[in-house]
Each structure stands twice: as C-alpha cells, then as structure tokens.
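The structure appears below as structure tokens.
Residues take their numbers from the sequence shown, with the count starting at 1. First listed ligand is number 1; within each ligand, the first listed atom is number 1.
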Amino acid sequence: MTDLSAAAEILAACGLDAATLNGGTLAVHSPIDGAEIARLAETPAAEMHAVIARSQTAFAAWKTVSAPRRGELVRLLGEELRASKDALGALVTLEAGKIVSEGLGEVQEMIDICDFATGLSRQLYGLTIASERPGHVMRETWHPMGPCAVITAFNFPVAVWSWNAALALVCGDSVIWKPSEKTPLTALACARIFERALARFGDAPEGLMQVVIGGAELGAALTASAEVPIVSATGSTRMGRIVGPEVAKRFGRSILELGGNNAMIVAPSADLDMAVRAIVFSAVGTAGQRCTSLRRLIAHHSIREQLVERLTRAYASLPVGDPRKGTTLVGPLIDAGARARMQAALEQAKAEGGIVHGGKAATNAPQGGAYVEPAIVEMPAQTAVVREETFAPILYVMGYETLDEAIALQNGVPQGLSSCIFTLNLREAEDFLQRSDCGIANVNIGPSGAEIGGAFGGEKETGGGRESGSDAWKGYMRRATNTVNYSASLPLAQGVKFDV
Ligand code: NAD
C-alpha cells in the first residue's frame with residue numbers, strides 16, 4: 001500500500017496539510033495502489049455564483065493593470081514552480097501515476113509556459129491597417145476579455161492549467177479552475193504555489209485565480225454562466241459535445257481540447273531504429289494516457305512484419321510497475337475502469353479480426369493499481385474499434401501500399417489531433433504535411449511530447465481549440481477594430497454620400 005506518511009510528506013512539501021484534507025466527500029485515490037490519500041471537501045454547486053462574481057470583480061481590477069506588470073506575476077509563478085518542481089512532480093506521480101521523469105517533465109512544461117507568457121506580456125501586438133479614407137487610421141487592438149474557466153482532465157493534471165492560466169493572466173483575464181475530480185490535490189498544490197507568487201507580487205486582486213473542487217456539475221455551472229466569457233475545456237469528446245453547444249448557446253467562446261486518435265505512417269525509406277524508439281515512447285509513455293499518444297501505426301507492407309517483430313520484442317522488455325521506481329517506464333492506468341475499457345477494446349479488436357500481442361494485467365506491480373502490459377494489435381483494416389480513442393496503451397497496426405492509401409487511413413477517423421510520418425523521402429514528407437488533417441503533423445518524430453512554443457490542439461472531434469504557444473493567446477482576448485479620423489472632414493467608406 002501507499003505509505004500514507006510518505007504521501008503526507010509529499011503533500012506537505014507542496015504546502016498541503018494532510019490532516020486538513022480529510023472529512024469531505026470527494027475521495028482521492030492514488031493509482032499506484034488504489035489507496036485513499038485524501039477525502040476533500042467539495043465546492044457546493046450553490047457557491048458557484050459567488051465564485052463567478054468574485055472572478056468578475058477581480059477581472060475588473062486586473063484588466064487595468066498593465067500587461068508587462070501582469071507578466072511579472074507569471075514570472076514569479078515560474079520562479080515558484082522552479083522552486084517546487086521536485087515536490088509538485090512527486091505529487092503528479094502520486095496522484096496521476098506518472099513515472100518520475102514524466103511528473104517532473106510536466107512541471108517543466110509549466111515553467112516553460114510561464115517564461116513564454118512573461119515575454120508575451122510585452123508582445124500582445126495589434127495591427128495598423130491602411131484606411132481607404134484620407135486622414136484616417138485603422139488599428140486592430142486586443143483587450144482583456146473576462147473570467148476564463150479552465151476545465152482540465154486527469155492526465156495532465158497541472159500542465160494544462162498552466163498553459164491556460166499563464167496566457168489568460170497576462171492577457172488580463174481572471175481564472176476559475178475546475179480540475180478533474182480524479183486529480184484535485186495537484187490543483188490545490190498549484191493554488192498554494194500561485195499564492196506564494198501572489199504574495200511576492202503584492203497588489204493583485206483577491207479571487208484572481210480560484211480553484212473549485214468537484215465533478216461535472218461545477219464544470220456545467222461555469223459552462224452555463226454568461227458571466228464567464230471564455231471556457232477552455234480539456235477532456236473527452238463526450239464532455240466536449242456537452243460543453244461546446246452549452247457555451248455556444250449563450251454566445252460564449254469555448255476552447256475545446258478533446259480526444260485524439262493519433263497515427264504514424266512508416267514509409268519504406270524510414271530509419272527504423274529511430275521509428276521504433278519513437279513508436280515505443282509515444283504509444284506506451286504515460287501508459288498510453290496522453291491525448292497525443294500513438295494509437296495507430298500505418299506501416300508500408302514491405303516493412304510491416306519486420307516492424308511488428310521489433311516492436312513486440314521491445315514491448316516484452318518494458319518495465320511496467322511502480323511509477324516511483326527510477327527504472328519503471330510504464331506506470332498504472334488511472335483506475336480499474338480504464339483497465340476494463342482497455343480489455344473491452346481488445347476483445348472488440350479480436351472480434352473485428354485483430355491479432356493481439358500483450359495487453360494482459362501486469363504482474364510484478366503493486367497490488368491495487370490498474371497495471372497492464374501495453375498491447376500491439378495487428379488489424380486487417382481500420383475497423384470500428386480503431387476509429388475510437390481508447391485511453392490506454394493499445395497500438396493498432398495496419399498496412400498500406402501507396403502513400404495516398406496511408407494518408408486516407410490517417411485522416412479516416414473522427415479525431416484530428418496529432419500525426420506523423422517517418423520517411424527519408426522529401427517528397428513524401430512534404431506531401432504528408434500538406435494532406436494530414438490534424439492540428440499537429442510531424443516528420444521523423446512521434447506524435448506526442450509537444451513543446452510549448454507551438455499552438456497546441458486539433459481538428460474535427462478534437463474540438464478545434466488552440467492553446468499554449470504561437471498566437472494562441474488571441475483566444476483569451478477580445479479583438480477590436482478602431483478607426484480614428486484625424487482630418488477635418490467626414491468621408492464615408494465605399495464612397496457613400498449622405499450630406500445633411
Ligand atoms: P473527462 O471528459 O472525463 O473529464 C475532463 C474534465 O471535464 C473533468 O474536469 C470533468 O469533471 C469535466 N466534465 C465532464 N463532464 C462535464 C460536463 N458535462 N460539463 C462540464 N465539465 C465536465 O476526461 P478525462 O477522462 O479526465 O481525460 C481524458 C480525455 O481527455 C481523453 O479523451 C484525452 O484525449 C483528453 N485530453 C485531451 C487533451 C487535448 O489537449 N486535446 C489533453 C488532455 C486530455
């Protein structure tokens with residue numbers, strides 16, 4: 001079992017007192033062994049009005065603070081995250097079951113986005129636009145928008161908040177965070193870290209960043225409120241199908257980051273040593289629980305058999321087990337439900353003609369956790385089960401003859417998050433980049449493990465939202481077109497005459 005005193009130590013290092021994290025209604029289990037590590041008080045749904053009102057008040061003050069000064073708060077947040085990297089990384093491992101280096105990597109991603117957003121706070125650039133009227137100038141300017149709700153999934157319990165919050169804060173918005181009910185402790189830890197940054201900053205308004213603890217009903221309250229102009233929601237397509245229309249109904253803005261079903265095409269010219277390493281990391285890293293995890297391998301017929309053989313060999317030696325051990329590469333699934341869904345998908349794949357390698361419950365792993373051997377499934381075609389996202393380490397393998405066929409398979413699923421090709425043929429690589437229908441398309445690297453500098457997100461059932469780098473910040477601001485007349489006459493556009 002999880003040593004509860006060790007868990008308490010990790011919580012204390014994150015500024016959380018284990019003794020105060022009990023007596024509530026939300027049980028928090030460690031996926032490492034299923035042990036209950038806290039029982040948190042939930043935010044009553046009736047309190048959401050007050051939470052939103054506080055956020056509105058905070059916004060009214062925060063939007064008047066200059067953007068570079070807002071960036072200073074995010075810079076301090078980055079400093080506090082650097083100081084807390086080990087502690088928060090350990091809590092990610094305890095609460096989400098990530099291996100140590102992935103827990104730390106997630107915190108590093110938070111630090112990176114804080115650095116990015118700090119620079120961005122001096123670069124919220126608008127445009128000047130040529131006016132057709134003499135003595136006039138046109139500009140496009142960007143303005144704070146209002147409270148931004150951030151609804152997050154269990155699998156990136158802290159990084160997704162930071163992608164959103166760091167940008168929203170420099171853009172002048174207040175933030176209300178509704179973390180996954182499966183990973184609320186990491187959210188409370190981030191709130192403590194944020195408080196330390198606030199204390200050093202000095203004069204930020206109260207309620208600038210609030211965390212609410214609970215389930216979908218709290219997310220629904222944020223989604224329904226016209227006082228929350230931006231709802232950034234990360235999670236399943238099932239959730240996005242509810243949240244998207246709800247926000248649209250009141251003409252709010254949603255940033256949806258939903259499920260993926262990511263593919264790699266391996267062409268005959270591919271460097272197979274590199275491809276094998278990229279496949280294994282992207283298919284089994286985070287136990288296949290990344291939105292960008294590799295789920296479909298589309299291999300040219302001439303190399304398919306050889307590739308499957310090399311992969312099954314690599315899979316056989318994968319260390320599955322306690323994520324706290326330095327040697328482990330595959331930790332647990334989040335819970336028993338996830339393992340049951342994986343088993344059901346493997347059964348369905350068999351019924352649809354698949355040949356399954358691996359996929360059994362893992363031995364030599366702590367009792368009480370949902371540990372599985374990652375699976376490779378050779379499929380005769382892209383059947384129904386392959387077209388769905390199963391959030392577990394299942395890699396479906398299919399063959400192809402022509403690149404057209406491979407790209408049609410790659411694009412032939414409802415999701416559109418991440419894609420890649422391994423090839424040494426420049427024509428193939430460029431052709432693939434033009435024709436992949438995903439938000440992310442890579443050459444000679446896997447589909448997962450994005451850097452924060454690019455805009456992150458995908459098309460179709462992935463929801464269309466963009467977060468993190470590039471100009472994703474524009475999603476957190478309101479755009480205005482300004483026309484200024486510095487002449488002494490009043491010409492109308494399009495030559496319209498209206499003399500009074
Ligand atoms: P989930 O959809 O079960 O829950 C995500 C969040 O949505 C939770 O906070 C949950 O409480 C909330 N929620 C659920 N129903 C809601 C509703 N009706 N209204 C408002 N909020 C609601 O997802 P999960 O199991 O935590 O995460 C796994 C999923 O997230 C996978 O599908 C994965 O691909 C996806 N994901 C996508 C990205 C991305 O950037 N595209 C990133 C991480 C995870």
Side-chain angles (χ1 to χ4, degrees), residues 26 31 42-43 45 48 95-98 106 109 113 149-164 176-184 186-187 211-225 228 231-247 249 252 254-262 286-295 333-335 337-338 341-342 345 388-392 413-419 438-440 447-450 452 454-469 472 475:
L26 180 64
E42 296 183 63
T43 308
M48 291 304 286
E95 196 183 35
K98 292 194 178 192
E106 185 163 347
E109 200 168 337
I113 194 71
V150 182
I151 298 172
T152 55
F154 77 82
N155 68 321
F156 274 91
V158 289
V160 172
W161 165 70
S162 68
W163 291 357
N164 283 281
I176 305 170
W177 182 13
K178 208 302 279 172
S180 166
E181 51 276 47
K182 294 179 183 172
T183 51
T186 40
V211 178
V212 293
I213 298 295
E217 66 291 350
L218 301 186
L222 294 168
T223 303
S225 172
V228 181
V231 176
S232 171
T234 298
S236 59
T237 295
R238 186 199 58 75
M239 175 275 286
R241 267 190 222 293
I242 300 170
V243 167
E246 277 300 316
V247 176
K249 244 195 250 170
S254 55
I255 301 172
L256 296 177
E257 300 284 348
L258 311 174
N261 192 355
N262 317 296
T286 325
Q289 299 172 112
R290 286 187 182 218
C291 50
T292 51
S293 287
L294 176 63
R295 311 205 178 278
L333 293 176
I334 189 72
D335 54 26
R341 284 190 289 280
M342 175 174 176
E388 275 169 30
E389 179 198 52
T390 300
F391 217 51
V413 293
Q415 310 82 357
L417 181 53
S418 188
S419 61
C438 291
I440 299 170
S448 75
I452 58 94
F456 182 89
E459 306 303 333
K460 303 193 291 187
E461 286 190 3
T462 303
R466 291 296 186 278
E467 289 174 351
S468 196

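Although no hydrogens or angles enter the test, the distance criterion places no donor-acceptor pair under 3.5 Å between the side chain of T234 and the main chain of A153. Between the side chain of N262 and the backbone N or O of S293, at least one donor-acceptor pair lies under 3.5 Å. In this structure, R295 contributes its side chain and T390 its backbone to a donor-acceptor pair below 3.5 Å.
For ligand 1, the atoms sitting less than 4.0 Å from at least one non-hydrogen atom of G259 are 32 (O), 34 (O), numbered in the order shown with element in parentheses. Within the listing of ligand 1, atoms 20 (C), 21 (N) sit less than 4.0 angstrom from a heavy atom of G219. Applying the 4.0 Å criterion to heavy atoms of E181 picks out, from ligand 1, the atoms 8 (C), 9 (O), 10 (C), 11 (O). For ligand 1 and N155, the ligand atoms under 4.0 Å from any heavy atom of the residue are 43 (C), 44 (C). Each of the following atoms of ligand 1 lies closer than 4.0 Å to a heavy atom of A220: 19 (N), 20 (C). Close contacts between ligand 1 and K178 involve ligand atoms 8 (C), 9 (O), 10 (C), 11 (O) [criterion: under 4.0 Å to a heavy atom].
Considering backbone and side-chain N/O atoms, A153 never comes within less than 3.5 Å of an N/O atom of ligand 1. Polar contact check, F154 against ligand 1: a nitrogen or oxygen pair lies under 3.5 Å apart. Considering backbone and side-chain N/O atoms, E389 comes within less than 3.5 Å of an N/O atom of ligand 1.
At a heavy-atom cutoff of 4.0 Å, ligand 1 is contacted by no atom of F156, backbone or side chain. With a 4.0 Å heavy-atom cut-off, ligand 1 is reached by the backbone of T152 but not by any atom from C-beta on. If you look at T234 next to ligand 1, the close heavy atoms, those under 4.0 Å, come from the backbone and the side chain alike. Contacts of P179 with ligand 1, taken as heavy-atom pairs under 4.0 Å, involve the backbone alone.
Taking all heavy atoms of I334, V243, L222, N261 into account, the minimum distance to atom 19 (N) of ligand 1 is reached by V243. Comparing M239, E461, R238, Q289 by heavy-atom distance to atom 3 (O) of ligand 1, the nearest is R238. The option from C291, S236, A233 that lies nearest to atom 39 (C) of ligand 1, judged by heavy atoms, is C291.
With no hydrogens or angles considered, no side-chain donor-acceptor pair links E389 and T237 at under 3.5 Å.
In this structure, F154 and F391 have perpendicular ring planes: the angle between them is above 60°, well past the 30° mark.
Closest to atom 12 (C) of ligand 1, if we only count protein heavy atoms, is I151 CG2, 3.7 Å. With hydrogens left out, the protein atom closest to atom 28 (C) of ligand 1 is F391 CE2, 3.6 Å, a heavy atom. Taking atom 41 (N) of ligand 1 as the reference point, the nearest protein heavy-atom neighbour is L258 O, 2.8 Å. Atom 4 (O) of ligand 1 has as its closest protein heavy atom G235 CA, 4.6 Å. Atom 17 (C) of ligand 1 has its closest protein heavy atom at A216 CB, 4.0 Å. Atom 40 (O) of ligand 1 has its closest protein heavy atom at F456 CE2, 3.1 Å.
Applying the salt bridge (charged side-chain N to carboxylate O under 4.0 Å, His left out) rule to E109 yields no partners; only residues at least two apart in sequence or on another chain are considered.
Counting heavy atoms from C-beta on, the side chains of L294 and S448 never come closer than 4.5 Å. Counting only heavy atoms from C-beta outward, the side chains of K182 and I334 approach each other to under 4.5 Å. Under the 4.5 Å side-chain criterion, counting only non-hydrogen atoms from C-beta, E42 is not in contact with P184.
Salt bridge annotation for E459-R466: present, with a cationic side-chain nitrogen under 4.0 angstrom from a carboxylate oxygen. With respect to K98 and E95, no salt bridge is recorded, no charged nitrogen being found less than 4.0 Å from a carboxylate O.
Shortest non-hydrogen contact noted between S232 and E467 is OG-OE2, 3.0 Å. Shown here for L222 and V228, the closest heavy-atom pair between the two residues is O-CB, 3.9 Å.
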